[in-house]
Amino acid sequence: MKTNGRFIAMIICVLIGAVLFGLAFAGTLDEFWSGMGAGLMTVGVLRIVQHFRTRNNEAYREKVETDIADERNQFLRNKAWAWAGHLFVIIASVATIALKVLGQEQLSMAAGWAVCLMVILYWISFLILRKKY
Amino acid sequence: MKNRIEAIRKERGILQEEFARSMGVSRQTISSLETGRYNPSIMLAYKIAKYFGMTIEEVFIFEEEESK
């Protein structure tokens, strides 16, 4: 049931991508949407291929399921997200100062707001997790 | 935390792949556990000990210095 739902979602993803790409190709939408459409189509097609591969290949399905459920992989995924968050805050903080020095006021402000948003999200997540665990 | 997984597994002639399948984890996880790069969750530690028919203390060696 869950797999069927995902398969349908991937087909919808490909269809939306194709529509966006088609409309952009016809000139109705701009280049941004053609890129978005191509991206959606690529992701959708890859997921559909993977869906059929897992359905027809028992060994591959077992490998994929083990990789998803594997506790070390879950630990690594969480760790990677934590690293990505830390790196993002550091890079955006440096960019805020660098852009300010370079006179790029608006970009500097955008980078600064991104840092603020990340810190706020971190604290909200921390408070929610503290109640949960 | 050190452990005796590799020694016990080899003693019993169990392959990493076979052991990983029984534990429901990847072979890389078993390899990381054996080299001490990764410490398992209490659930996996329990599962491993149970698989070998031993207690957690017999498989895993807790070292006081690590927690400080």
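The sequence lines fix the lettering, A, B, ..., with proteins before strands; numbering per chain opens at 1.
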Which atom pair, heavy atoms only, marks the closest approach of A:Glu71 to B:Ser41? OE1-OG, 2.5 Å

If you compare all heavy atoms of B:Ser26 against all heavy atoms of A:Asp67, which two are closest, and at what distance to 0.1 Å?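 Smallest interatomic distance, heavy atoms only, reads CB-OD1, 4.0 Å.
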
Using a 4.5 Å heavy-atom cutoff, which residues in residues 5-20 of chain B come close to chain A? none

Neighbours of chain A found in residues 45-55 of chain B - heavy atoms under 4.5 Å: none

Treat each ILVMFWY residue as a node, draw an edge where side-chain heavy atoms are under 4.5 Å apart, and state whether [X] and [Y] are in one component.
X: A:Ile12; Y: A:Leu23; value: yes
X: A:Ile90; Y: A:Val115; value: no
X: B:Ile56; Y: B:Ile30; value: yes
X: A:Phe7; Y: A:Val64; value: no
X: A:Leu121; Y: A:Leu129; value: no

With a 4.5 angstrom heavy-atom cut-off, is it the side chain or the backbone of A:Glu62 that approaches chain B, or both, or neither?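 Side chain of A:Glu62 only, per the 4.5 Å heavy-atom cut-off to chain B.
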
A:Glu105: which residues meet the side chain to side chain donor-acceptor pair (under 3.5 Å) condition with it, sequence neighbours left out?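 Applying side chain to side chain donor-acceptor pair (under 3.5 Å) to A:Glu105 gives A:Lys100.
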
Would you give me the side-chain donor-acceptor pairs under 3.5 Å for residues 81-89 of chain A, sequence neighbours excluded?
from, atom 1, to, atom 2, distance (Å)
A:His86, ND1, A:Ala82, O, 3.2

Return the CZ to OG1 distance between A:Phe75 and B:Thr29, rounded to the nearest 0.5 Å. 11.0 Å

